[in-house]
Amino acid sequence: MSINMNEEESEVAEGFTRVLRAASMSAMQLKEAAEKRRQQAEKMSETERAQQAQKEQARTAVDSRVADSVHKSVQSPMFWNHASNERIAERMTVAQQLAGEHSKADSAFMLGSDVLRDKYGIDAVSIMHGQGSPMERQNELLEALDHHNAAGRLRAESRDADQTAETASEHVEAEAEVEAKYSEHALTAAAGEAKDADLPVEQYLDSLTETQRETLFDEHDRGIEDSQERDDRIETAQQASTEPVAVEAEAQEPAARHETRADAAQEDAASETQAETTSLSNAARTADVQSSREAHLATVGVTDRQAARARAQSLKNVPGSGAEYKSTSLSSKATPRKAASSGQAPGREHVHQR
């Protein structure tokens, strides 16, 4: 099988070459060859004529396979993507030469013409049916293909050049963006004042207004080293440099204020506890005094009943007994506020009224 396929491929290649060779012959040469074949046929015997007819049939069969091969080629996108200009022109020539006897060759020629028109912008029909021999027309088609490729290369080179120029322009713009904000002249002019302000030169220039920078450059160019404007610029730059610190301090102020309030709350709680302790101590001393008064009245009552009644009447102005007040004030749940609110307010008001 493989041997037969190789033989067939070889025959197709030979037939392809034969057709091209015939196409390369001039019209006079073709006419002379046809006349020679006619004369030879007249001299042939019947047997020789039969053998010649068989050769013609074999040649026609090979030409048919050549036409099929060309048709398959022009149908394949791979052929058009990778074929050289010479291969394209040769197949168009072979298809045209065999188109009169083989329909596949005619179909291949028309299909190739469509691709050349759509993909390459070449009118192959006009070229292949134009003036000159088949080989001259093939060379004309080859030249058109070469021109197309050259134009394509020029277009590609132009696109590459445009892209390169665009990339270079982008790089230039990017480099311009990252260049120093201020020129060497500006940096030199501000160096002395920035040193006096204890600031980096660019930061010093940033802190100045546009008018101040212009005045700075003008004074530098004129050689002025001391002026009121110079002092104002340094002061402006120093104030601007302290603003971030003030902002940071303001940002920290709420937290500090929160801590101060917490400390104040703790101090208030401690003061309240101390006040309660003092109140309880005072209440205890008051209760002891009242107990002593009751004991004294009891002693007086033994010797002087009238005086005892007078003192007892005065003691009614003090609510409750001393022991009861002491017990209430010093209980575990009692506070000075509770002791003061448990029925004592009216008594105290009465005492004050007296």
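Basis for what follows: all heavy atoms, side chains included, without hydrogens, waters or symmetry-related copies.
- In the hydrophobic cluster analysis, where Ile, Leu, Val, Met, Phe, Trp and Tyr join through side-chain heavy atoms closer than 4.5 angstrom, M135 is grouped apart from V94.
- H220 has its side chain within reach of H185: a pair of non-hydrogen atoms, C-beta onward, lies under 4.5 Å apart.
- To the nearest 0.5 Å, atom CZ of residue R91 and atom OG of residue S69 are 6.5 Å apart.
- A salt bridge links D114 to R117: one of the charged nitrogens lies within less than 4.0 Å of a carboxylate oxygen.
- Ring to ring, Y120 and H147 are not that close: their centroids are 6.0 angstrom or more apart.
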request  = List the steps, then state whether salt bridge (Lys or Arg N to Asp or Glu O under 4.0 Å) holds for E219 with R230.
outcome  = CA-CA 9 Å; E219 290 182 356; R230 180 182 187 277; over 6 Å; no

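- Between the side chain of E101 and the backbone N or O of L98, no donor-acceptor pair lies under 3.5 Å.
- A donor atom on one side chain and an acceptor atom on the other are not found under 3.5 Å apart for E143 and N139.
- S76 contributes no side-chain N or O that, together with a main-chain N or O of S73, makes up a donor-acceptor pair within less than 3.5 Å.
- Remark: the Y204 side chain and the E193 side chain contain an N/O donor-acceptor pair separated by less than 3.5 Å.
- Here the side chains of Q97 and P134 are in contact, with some heavy-atom distance below 4.5 Å.
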request  = Could you give me the CA-CA distance, side-chain angles and deciding distance for F109 and H129, then say whether ring-ring contact (aromatic ring centres under 6.0 Å, His included) is met?
outcome  = CA-CA 12 Å; F109 180 81; H129 288 86; 5.7 Å; yes

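- Side-chain contact between L208 and L216 is present, with at least one heavy-atom pair separated by less than 4.5 Å.
- Around the CD atom of E210, the shell of radius 6.0 Å holds more than 12 heavy atoms that belong to other residues, nucleotides or ligands.
- Few gaps surround NZ on K119; more than 12 heavy atoms of other groups in view lie less than 6.0 Å from it.
- Note on V74: it clusters hydrophobically with I127, by side-chain heavy-atom contacts below 4.5 Å among ILVMFWY residues.
- The closest side-chain heavy-atom distance from I88 to L116 is below 4.5 Å.
- Atoms CZ and CD, from R59 and Q54 in turn, are 14.5 Å apart once rounded to the nearest 0.5 Å.
- Heavy atoms from other residues, nucleotides or ligands lying under 6.0 Å from CG of D198 number 12 at most.
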